[in-house]
Amino acid sequence: MTVLVDPRATFGAAVTEVAAHDPRVAVVSTDSGGSSGFGDFARLYPERYLEVGILEQGATGVAAGLATTGAVPVFCAIAPFVTCRNFEAVRNDLGYMRQNVKVVGRNGGLTYADLGPTHHSLEDYALMRMIPGMVVLAPQDAGEIRGAVRAMLEHDGPVYMRIGGPAVPSLFADDDFEIGRARHLRTGEDLTVVSTGYVTPAVLEAVDGLASEGIAADLLGLGTVEPLDQEAILASALRTGVVVTVEEHYVRGGLGGAVSELLAEVPGVQVHRIGVRHGYVSTGRYVELLAAAGLDAPGLTSRIREIAHGGR
Amino acid sequence: MSAVQERRPVADLALAAARARRFVLRMLEASPAGHVGGALSAIDLVTALYTRALRVDPDDPRAPGRDRFLLSAGHKALAQYAVLALTGFFPPDLLDTYGATGSALGGHPDMAKLPGIEANTGALGHGLPLAVGMALGLRRSQSGSRVVVLLGDGELAEGSNWEGAAVASHHRLSNLVAIVDVNGLQIGGPTAQVMGMEPIAEKFRAFGWVVTEVDGHDLDGILDVLDRLPFAPDAPSAIIATTCKGKGITAIEGTVGSHYWKPSAAELADAVREADAAVTSLEREVAS
């Protein structure tokens with residue numbers, strides 16, 4: 001039976017584990033630490049746990065200033081507040097100033113379904129990957145969250161990572177994570193599917209279902225949106241000629257945008273983007289919003305099938 | 001900060017500030033346009049800090065235990081460039097590259113290009129939150145380092161300043177100093193008309209800072225205030241400095257037009273003559 005775990009608790013525990021042997025690791029909280037899984041961190045390392053209240057713009061500068069003194073601050077809050085609200089501070093204080101701060105957007109995508117568009121985050125990959133030098137991570141399962149935490153804290157430079165809220169499975173046997181390296185999850189010749197983040201379990205289910213219908217997809221699972229694993233995507237795209245991107249993000253500017261940019265000048269390759277249509281998604285139940293966006297396994301199955309059969 | 005450097009006669013400081021003003025004009029001689037007005041309203045304060053207060057070493061500009069100075073109003077970079085050159089952070093010849101493509105002396109400071117720069121400011125409202133983070137980190141490292149951030153009065157309309165001000169006070173950052181260069185003018189006119197932020201001192205006090213007001217061109221007064229830092233053992237210090245935009249170039253003093261000044265050759269020549277005369281006169285005073 002698949003064990004599901006809370007991604008935020010998994011994330012917080014992983015940071016706390018690294019902090020046990022890396023005294024540089026600090027947490028910046030905008031009254032967001034408890035919901036980000038940092039309860040233990042705050043108890044164990046109070047001198048490295050900095051509460052600043054609800055001021056995400058200022059907190060981003062504070063984190064950058066802390067980083068100039070050798071700390072490795074982790075700043076985690078609800079995804080739009082750490083990417084949209086404070087965008088210029090991320091761009092200038094972390095990007096342009098090349099500061100070693102890890103920004104983590106939790107409850108990304110549509111996972112704060114009932115809270116509505118103010119709390120949805122469907123443009124974070126796009127915004128963050130536009131900042132030169134910013135690494136953008138989107139771990140796909142519980143193990144990748146742990147691996148991505150270790151990788152981002154080892155990486156010297158600004159990182160954005162998105163995690164969700166609802167419980168996630170352990171898809172992979174290991175919790176290895178290499179920044180910029182795709183996992184080749186299924187091999188097929190009919191089309192390439194490129195997936196990122198916690199939508200990957202549904203993609204995997206869809207791809208496996210389609211395999212039983214005789215549609216063989218080459219499936220690349222990306223824990224990193226930026227830098228894109230260009231080599232893996234190009235190699236697969238050149239074999240299959242059809243690439244489908246899947247993400248819980250607007251179809252503009254995120255993984256679909258990145259892959260389209262990569263393949264725009266490659267002759268004979270068609271790109272289809274599956275994601276959330278550009279607009280404000282209504283409030284509601286997460287599973288129902290996902291279904292409406294075609295991002296659950298049945299929706300993905302039918303869309304990928306259509307593309308495999310030559311539909312647009 | 002008096003223990004750091006021996007108090008010398010104020011004429012020395014006045015001479016340093018006059019030379020710094022001449023360096024600003026040297027940059028304009030290389031490329032005759034820039035945010036001159038704000039640079040000259042702040043330059044007495046910046047000169048006093050670098051020559052009398054900050055524990056910084058031009059030979060080891062990244063020393064971990066150094067004090068940090070951030071120019072939150074990054075467009076006043078001409079003042080910092082001039083003073084960094086004056087205090088040996090880089091050879092004054094570099095001033096002649098101002099305005100050239102790829103120069104280390106751009107319109108706003110770049111920490112990757114120039115020693116002595118602590119933050120890539122220019123977008124307003126970034127310096128104070130950055131300084132707060134630095135002060136928190138340095139306090140934790142127990143280095144004794146202080147962080148001084150210079151803000152403009154027009155800049156105070158940016159809300160991020162007040163986010164930083166709140167955090168500084170909540171966390172009792174006595175190693176943090178904010179200096180507000182209140183020249184009263186911004187690009188669109190008098191600050192009081194564009195977006196009045198007075199009473200500035202009262203606002204900082206209300207945020208939990210301990211505040212002192214000073215004339216930002218009275219060098220004796222500036223030194224007295226710097227000597228008293230920190231103003232309290234458990235709160236951040238704010239210095240509200242009343243200044244004159246364009247101070248030292250009579251033709252542009254107190255004018256909105258000095259904000260971004262593009263002098264004609266004749267205007268620049270006049271300004272250079274005035275600055276040279278100030279330097280010469282102070283050299284005589286110091287020598288006597």
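Naming convention: chains lettered A, B, ... in sequence-line order (proteins, then strands); numbering from 1 in each chain.
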Does [X] have more than 12 heavy atoms from other residues, nucleotides or ligands lying within 6.0 Å of its [atom1]?
X: B:R140; atom1: CZ; answer: yes
X: A:R129; atom1: CZ; answer: yes
X: A:L44; atom1: CG; answer: yes
X: B:E198; atom1: CD; answer: yes
X: A:E47; atom1: CD; answer: yes

Bottom line for A:A63: the part with an atom under 4.5 Å from chain B's heavy atoms is neither

Turns out that what part of A:E51 lies under 4.5 Å from chain B's heavy atoms comes down to backbone

[X] [atom1] to [Y] [atom2] distance, which is reported to the nearest 0.5 Å:
X: B:R68; Y: A:T69; atom1: CZ; atom2: OG1; result: 7.0 Å
X: A:T68; Y: B:M111; atom1: OG1; atom2: CE; result: 7.0 Å
X: A:R98; Y: B:N120; atom1: CZ; atom2: CG; result: 7.0 Å

Under 4.5 Å to a heavy atom of chain A? For B:S160 that would be both

Okay, B:A119 and chain A: the region with an atom under 4.5 Å from a heavy atom over there is both

Choice from [options] maximising heavy atom contacts with chain A below 4.5 Å:
options: B:L128, B:L70, B:D110; value: B:D110
options: B:G164, B:P129, B:A135; value: B:P129
options: B:A131, B:G133, B:P64; value: B:G133

Is there a side-chain contact between B:H126 and A:D93 (heavy atoms, below 4.5 Å)? yes

Exercise. Go through the steps for B:L130 and A:M97 under the test side chain to side chain contact (heavy atoms under 4.5 Å, CB included), then give the verdict.
Key: CA-CA 11 Å; B:L130 283 166; A:M97 281 178 59; 3.9 Å; yes

